[in-house]
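The figures that follow rest on heavy atoms only: side chains count, while hydrogens, waters and symmetry mates do not.
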Amino acid sequence: DSSDYYSFKAFGGDLDYYFMYGPDFYTMIDRYTELTGKSPMLPRFAMGLHVGTYSGGTWKNEEMTSDKYPPALCKRLREEGVPFDLLWLDSTWRLFNTTYGNGGCCFEWRNTFKDPKAMFDSCYAQNVKMVGLHIRSILDNGPEYHLLDKAREQGNVLYPGAKIEGVVNFFDPKAVDWWWENGVMKVASIGAKFVKTDVGGTMDLKGLHNIFPLAYAEAPYRKFQEYNNMRGVTHTREGYAGIQRYPYIWAGDWGSEWQWFEPVIRAGLNIGMSGVGNWTHCMGGFEQYSPYDTELYTRWVQFGMFSPIAMVFGMDHPRYHEPWTYGPEALANFIKYDSLRYTLIPYIYSNAYQLYKTARPMMTPLVMDYPQDENTYQLARQYMFGPWMMVCPVTTKGALSQHVYFPGGEWFDYETGERYEGRQYKSFLTPLDVLPVYIKAGAIIPMQPAMQWVDQHPVDVITLDVYPSGISSYEMYEDDGISMDYQKGIGSLTRFTSRLADDSWTFTADKPVGKYKPVRHTYLVKAYLQNAPQSVIENGKSLPVLSSVADADRNTGWFYDTEHKRLYVKTAGDNRQKIEIVVQ
């Protein structure tokens with residue numbers, strides 16, 4: 001109730017205090033996560049799109065579900081050219097029971113799912129990396145397994161004193177083992193590779209209420225990690241200090257209305273500043289309270305693809321936020337920004353490594369990078385996506401323009417390349433098919449070829465999107481993308497350095513450093529330079545002049561686009577050696 005002090009109190013016991021001093025935001029988060037835990041790395045393919053489905057029938061339409069629907073959805077996504085990697089079936093896959101209705105989980109399939117294993121197999125045959133299932137923390141009886149009765153007989157499975165009897169005691173390793181063997185393994189053994197853990201706030205004991213979601217998320221995270229022999233993935237919606245150890249967390253059931261759009265962005269910035277870097281939300285909102293709004297869906301999708309985890313999912317029947325149901329323009333917008341995200345995966349994955357090492361979130365408010373600039377203190381709609389990209393979603397219905405604040409330094413429009421000086425507000429037109437994104441001068445952004453799923457093709461060329469200004473550098477992280485070896489330090493870092501002087505520009509790609517040997521790839525360097533070069537030299541040898549941008553995509557040499565003031569350099573060397581490009 002005052003700006004001069006904070007007050008705290010604890011119900012029913014002593015309270016320990018930890019004070020983390022920065023002096024900057026990033027150091028504070030780093031030190032906070034030294035206490036509560038760093039975010040582990042997700043599989044590399046988890047940087048791609050996550051798709052949720054009610055299998056054709058959400059609540060009150062359960063009879064319309066089918067084991068044919070998920071494979072058909074995958075097929076349609078592939079046919080439309082929508083990149084994605086993960087799929088999960090939300091609650092209506094399972095049988096709702098008489099004891100707790102849709103609130104319990106008996107791990108028995110609804111009778112509309114005739115052959116669940118064949119369903120899993122069909123999805124995996126379409127290059128889906130993981131298929132998961134929605135579950136709840138409360139056991140219930142089904143006609144076949146009678147899990148709740150068996151848990152009662154076992155005696156140590158259910159948590160004593162919970163307000164609902166069927167809550168699993170996830171604090172007890174023996175109870176977790178029983179839950180895994182008698183419940184989860186019934187679906188894991190036929191193809192489920194992760195779960196969405198719902199209803200984590202079921203504890204009514206004040207001493208354990210907050211930490212129950214951590215124990216609940218940890219159990220399947222660790223069990224699936226061991227069973228799948230790869231990095232764990234858990235999709236959860238409740239948490240407390242330390243939930244970042246079992247990624248990722250979901251923002252919950254936000255309504256599909258404009259009034260909820262900007263608050264989701266603010267919520268994401270706040271949770272990132274609270275040490276939880278891996279989080280996501282439903283593109284377009286979750287529940288459709290009002291008539292379908294294609295503009296809202298389009299704008300929310302743009303933001304969704306520039307979120308730490310990209311996820312599309314909705315409860316509204318029969319659309320479920322599948323992009324083609326909003327029309328061809330909305331579908332084109334979805335594919336445009338989904339495809340862009342897939343090209344940015346080297347940049348996103350490198351930041352995921354920084355999240356693991358230092359707790360730096362992928363998505364941060366501008367105040368974290370510009371704490372001395374008071375103009376950034378209240379900016380909740382603009383944010384940094386990694387260290388170089390400033391994203392400014394349009395969150396007002398029918399907006400023809402919006403203002404953007406540029407902090408100190410120079411910035412580039414990502415679509416047009418136009419330059420802007422910092423420390424000023426500017427107003428821009430807001431066409432529906434464009435998400436305003438601005439690049440910080442000095443940026444070096446590693447990118448890969450477009451793909452329909454992660455690792456669809458070998459990454460034989462890394463594109464480096466460079467915005468030269470003074471001296472700047474960036475480190476790209478690589479590893480096998482799936483194993484736990486990164487925790488043993490088995491990875492590699494490749495440092496890129498840009499040096500712009502009055503009469504020349506030098507770009508350096510060092511050899512990768514580390515215990516992991518990346519795949520061989522050359523580089524396509526794209527740099528904004530005001531003046532056309534006279535020569536481009538790679539490691540002491542002049543490169544030939546090429547005829548077009550398309551030519552530079554295929555052949556060693558360089559081409560300067562005079563209209564857009566952009567230099568394209570395709571290197572002769574690859575990442576098995578140090579490369580130095582001198583432009584004069």
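Here the side chains of N182 and F107 are not in contact, with every heavy-atom distance at 4.5 Å or above. No side-chain heavy atom of P43 sits less than 4.5 Å from a side-chain heavy atom of K129. Under the 4.5 Å side-chain criterion, counting only non-hydrogen atoms from C-beta, R319 is in contact with Y326. Contact check for P323 versus V301: no side-chain heavy atoms found under the 4.5 Å cut-off. You'll find the side chain of Y26 reaches within 4.5 Å of the side chain of D369, heavy atoms only. Contact of the D316 side chain with the S256 side chain is not registered, since no non-hydrogen atoms from C-beta on lie closer than 4.5 Å. For the pair M389/F306, a side-chain contact is recorded, criterion being any heavy-atom separation below 4.5 Å from C-beta on. You'll find the side chain of F84 reaches within 4.5 Å of the side chain of V128, heavy atoms only.
The aromatic rings of F19 and Y21 lie parallel to each other, with less than 30° between the two planes, well short of the 60° mark. Relative orientation of the Y474 and Y347 rings is tilted, given thresholds of 30° and 60° on the angle between their planes.
Residues F25 and V367 come closest through the heavy atom pair CE1-O, 3.7 Å. Considering all non-hydrogen atoms of both residues, W300 and M283 come closest at CD1-CA, 3.8 Å. Heavy-atom minimum distance, F261 versus R299: CZ-O, 3.6 Å. Taking every heavy atom of both residues into account, F120 and V131 meet most closely at CE2-CG1, 3.5 Å. The shortest non-hydrogen separation linking Y516 to P518 is O-CD, 3.3 Å. Among all heavy-atom pairs drawn from L355 and G277, the shortest one is CD1-CA, 3.8 Å.
Rounded to the nearest 0.5 angstrom, T33 OG1 and M28 CE are separated by 12.5 Å. Atom CG of L148 sits about 4.5 Å away from atom CG of N141, to the nearest 0.5 Å. For the atom pair CG (L133) and CH2 (W88), the distance works out to 11.5 Å, reported to the nearest 0.5 Å. Atom-to-atom distance recorded for Y477:OH and Y353:OH is 5.5 Å, nearest 0.5 angstrom. Rounded to the nearest 0.5 Å, atoms CG (N351) and OG1 (T364) are 8.5 Å apart. The CZ atom of F212 sits 5.5 Å away from atom CZ of F170, with the distance rounded to the nearest 0.5 Å.
A donor atom on one side chain and an acceptor atom on the other are found under 3.5 Å apart for D479 and Y349. For the residue pair R222 / Q225, no side-chain donor-acceptor distance below 3.5 Å is found, with atom types taken as modelled.
Ionic pairing of R94 and D140 is not present here: no N-O contact between side-chain nitrogen and carboxylate oxygen is shorter than 4.0 angstrom. The residues K174 and D177 are annotated as not salt-bridged, no charged nitrogen and carboxylate oxygen being separated by less than 4.0 angstrom. Salt bridge status for K357 with D30: absent, with no side-chain N to carboxylate O gap under 4.0 Å. The pair D485-K515 fails the salt-bridge criterion, with no side-chain N (NZ, NE, NH1 or NH2) lying under 4.0 Å from an Asp/Glu carboxylate O. Salt-bridge annotation for R231 and D480: present, with a side-chain N of the basic residue lying under 4.0 Å from a carboxylate O of the acidic one.
In this structure, Q126 contributes its side chain and S122 its backbone to a donor-acceptor pair below 3.5 Å. Not a single donor-acceptor pair under 3.5 Å links the side chain of N102 to the backbone N or O of F96. Checking side-chain atoms of Y124 against main-chain N and O of G191 turns up a donor-acceptor pair under 3.5 Å. Of the possible donor and acceptor atoms, one in the side chain of E108 sits under 3.5 Å from a partner among the backbone N and O of Y145. Side chain of R76 to backbone of W324: no donor-acceptor contact under 3.5 angstrom is found. For the pair Y342 (side chain) and G48 (backbone), a donor-acceptor distance under 3.5 Å is absent. The backbone N or O of P393 lies less than 3.5 Å from no partner atom in the side chain of Q302, so there is not a single donor-acceptor pair. Not one N or O on the side chain of S274 forms a donor-acceptor pair closer than 3.5 Å with the backbone of V276. The backbone N or O of P23 lies less than 3.5 Å from no partner atom in the side chain of T27, so there is not a single donor-acceptor pair.
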Trace of the side chain to side chain contact (heavy atoms under 4.5 Å, CB included) decision for H50 with H235:
CA-CA 10 Å; H50 300 231; H235 177 172; over 6 Å; no
Begin with the C-alpha distance, continue with both residues' side-chain angles, and end with the deciding distance and a verdict on side chain to side chain contact (heavy atoms under 4.5 Å, CB included) for W179 and L139.
CA-CA 9 Å; W179 170 78; L139 295 181; 4.1 Å; yes
Could you walk me through whether D253 and M315 satisfy the side chain to side chain contact (heavy atoms under 4.5 Å, CB included) test, starting with their C-alpha distance in whole Å, then the side-chain angles of each, then the deciding distance to 0.1 Å, before giving a yes or no?
CA-CA 9 Å; D253 298 352; M315 192 176 187; over 6 Å; no
For the pair F224 and V184, evaluate side chain to side chain contact (heavy atoms under 4.5 Å, CB included) and give the outcome as yes or no after the intermediate values.
CA-CA 10 Å; F224 271 110; V184 185; 3.6 Å; yes
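Centroid-to-centroid, the aromatic rings of W93 and Y69 stay 6.0 Å apart or farther. Between Y486 and Y356, a ring centre-to-centre spacing shorter than 6.0 Å is recorded.
Remark: E62 engages no residue in a salt bridge (Lys or Arg N to Asp or Glu O under 4.0 Å) (not counting sequence neighbours).
Every pair tested for salt bridge (charged side-chain N to carboxylate O under 4.0 Å, His left out) that includes a residue from residues 337-353 fails, sequence neighbours excluded, so the list is empty. Here salt bridge (charged side-chain N to carboxylate O under 4.0 Å, His left out) pairs that include residues 43-55, with residues two or more places apart or in two chains, are R44-D455.
Within a 6.0 Å sphere centred on OH of Y17, other residues, nucleotides and ligands contribute more than 12 heavy atoms. Counting heavy atoms of neighbouring residues, nucleotides and ligands inside a 6.0 Å radius, atom CD of Q487 exceeds 12 of them. The environment of K186 atom NZ is dense: over 12 non-hydrogen atoms of other residues, nucleotides or ligands sit within 6.0 angstrom.
The ring pair (Phe, Tyr, Trp, His ring centres under 6.0 Å) test with H281 is passed by exactly one of W254, F303, F286, F313: F303. Among the candidates T92, D198, T197, the single residue satisfying the side chain to side chain donor-acceptor pair (under 3.5 Å) test with H134 is D198.
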